[in-house]
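Each remark here refers to the structure printed beneath this line.
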Amino acid sequence: MMKFLKIFFVAAFVSLAMIACKSEAKKEEAQEQKTETVTEANPQELSLNISGMTCEIGCARKIASDLSKKDGVLEANVVFNDSIATIKYDANKTNKADLIAFVEGIGSGDMYKASETTKKADEKSCDADCKKECCTKTEAEKKACKEDCTMACCAETKKA
């Protein structure tokens with residue numbers, strides 16, 4: 001009986017060792033296949049004109065933050081004064097139409113409208129002697145929300 005148990009345990013140990021080796025080999029093969037299918041990034045740039053932003057802190061930062069978290073977006077810059085977003089993205093993971101729909105879906109889904117433009121967010125829109133309303137505002141005025149702003153940050157300050 002004791003001899004039988006020894007043989008049984010040896011056979012069980014050998015078979016477990018063989019199974020473990022096979023599964024390890026399968027894991028290595030799967031890892032090799034994953035590394036082969038990884039493609040290089042295809043960086044593209046998109047500039048969007050975004051209407052519906054009412055404040056720099058609540059709107060522009062929210063859009064930039066959400067875009068930065070989106071899969072395929074490498075970098076996002078939103079300039080409130082110009083209503084322009086410049087987005088660097090990986091064309092293998094996302095596309096222009098998807099990014100436009102994503103921006104329009106931020107918030108309640110009906111706050112922002114986005115359309116492609118050739119202007120970039122980091123380009124200056126005004127000369128040094130510009131008299132446009134956007135250039136003559138103080139920093140506090142630029143960061144203040146419009147009266148009809150429906151963003152959460154504005155709703156909290158109006159309640160107080």
Side-chain angles (χ1 to χ4, degrees), residues 20 22-160:
K22 285 183 183 179
S23 65
E24 189 65 33
K26 288 180 183 178
K27 286 180 186 176
E28 288 176 6
E29 285 178 24
Q31 190 70 4
E32 287 175 13
Q33 288 177 351
K34 282 184 183 178
T35 56
E36 289 175 7
T37 58
V38 173
T39 57
E40 288 191 30
N42 182 8
Q44 299 287 321
E45 188 169 285
L46 172 65
S47 291
L48 296 177
N49 183 32
I50 303 174
S51 62
M53 290 192 293
T54 57
C55 58
E56 184 173 6
I57 294 174
C59 299
R61 284 192 184 167
K62 169 77 171 147
I63 293 169
S65 173
D66 285 6
L67 277 168
S68 296
K69 294 173 188 172
K70 179 170 176 28
D71 187 41
V73 174
L74 306 172
E75 183 180 331
N77 183 23
V78 180
V79 176
F80 172 70
N81 292 337
D82 298 332
S83 298
I84 302 286
T86 301
I87 307 160
K88 291 181 183 173
Y89 65 97
D90 182 356
N92 294 330
K93 295 183 178 182
T94 190
N95 58 49
K96 292 178 182 182
D98 187 35
L99 291 168
I100 290 170
F102 182 80
V103 169
E104 291 181 348
I106 293 173
S108 61
D110 60 350
M111 294 181 72
Y112 308 116
K113 296 294 176 206
S115 60
E116 191 172 354
T117 183
T118 56
K119 189 173 176 119
K120 294 184 180 175
D122 51 4
E123 291 179 0
K124 295 280 185 189
S125 62
C126 300
D127 296 327
D129 60 345
C130 179
K131 302 289 187 236
K132 291 181 181 177
E133 182 183 348
C134 63
C135 295
T136 59
K137 287 183 177 180
T138 65
E139 283 301 312
E141 289 174 325
K142 288 178 184 177
K143 292 181 180 178
C145 297
K146 293 181 181 177
E147 284 186 35
D148 60 345
C149 180
T150 58
M151 292 298 295
C153 63
C154 296
E156 290 173 9
T157 57
K158 288 178 183 176
K159 288 179 184 176

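The analysis underlying the following values was restricted to heavy atoms, covering all of them including side chains, and did not include hydrogens, waters or symmetry mates.
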Is any side-chain heavy atom of [X] less than 4.5 Å from a side-chain heavy atom of [Y]?
X	Y	result
Gln44	Lys88	no
Phe80	Arg61	no
Asp71	Thr94	no
Leu99	Lys70	yes
Ile84	Asn49	yes

For [X] against [Y], the heavy-atom pair lying closest together:
X	Y	answer
Cys55	Gly58	SG-N, 3.4 Å
Ser47	Thr86	OG-OG1, 3.7 Å
Ala64	Ala76	O-CB, 4.0 Å
Pro43	Leu74	CB-CD1, 4.1 Å
Ala97	Asn95	N-OD1, 3.2 Å

About how many Å separate [atom2] of [Y] and [atom1] of [X], when rounded to the nearest 0.5 Å?
X	Y	atom1	atom2	answer
Leu48	Tyr112	CG	OH	14.0 Å
Glu45	Lys96	CD	NZ	10.5 Å
Ile87	Asn77	CD1	CG	10.0 Å

Salt-bridged, Asp66 to Lys62, with N to O below 4.0 Å?
yes

Can you tell me if Asp90 uses its side chain to pair, donor with acceptor, with the backbone of Asn42 under 3.5 Å?
yes

Apply side-chain contact (heavy atoms from CB on, under 4.5 Å) to the pair Glu116 and Leu46, showing each step before the final yes or no.
CA-CA 7 Å; Glu116 191 172 354; Leu46 172 65; 3.6 Å; yes

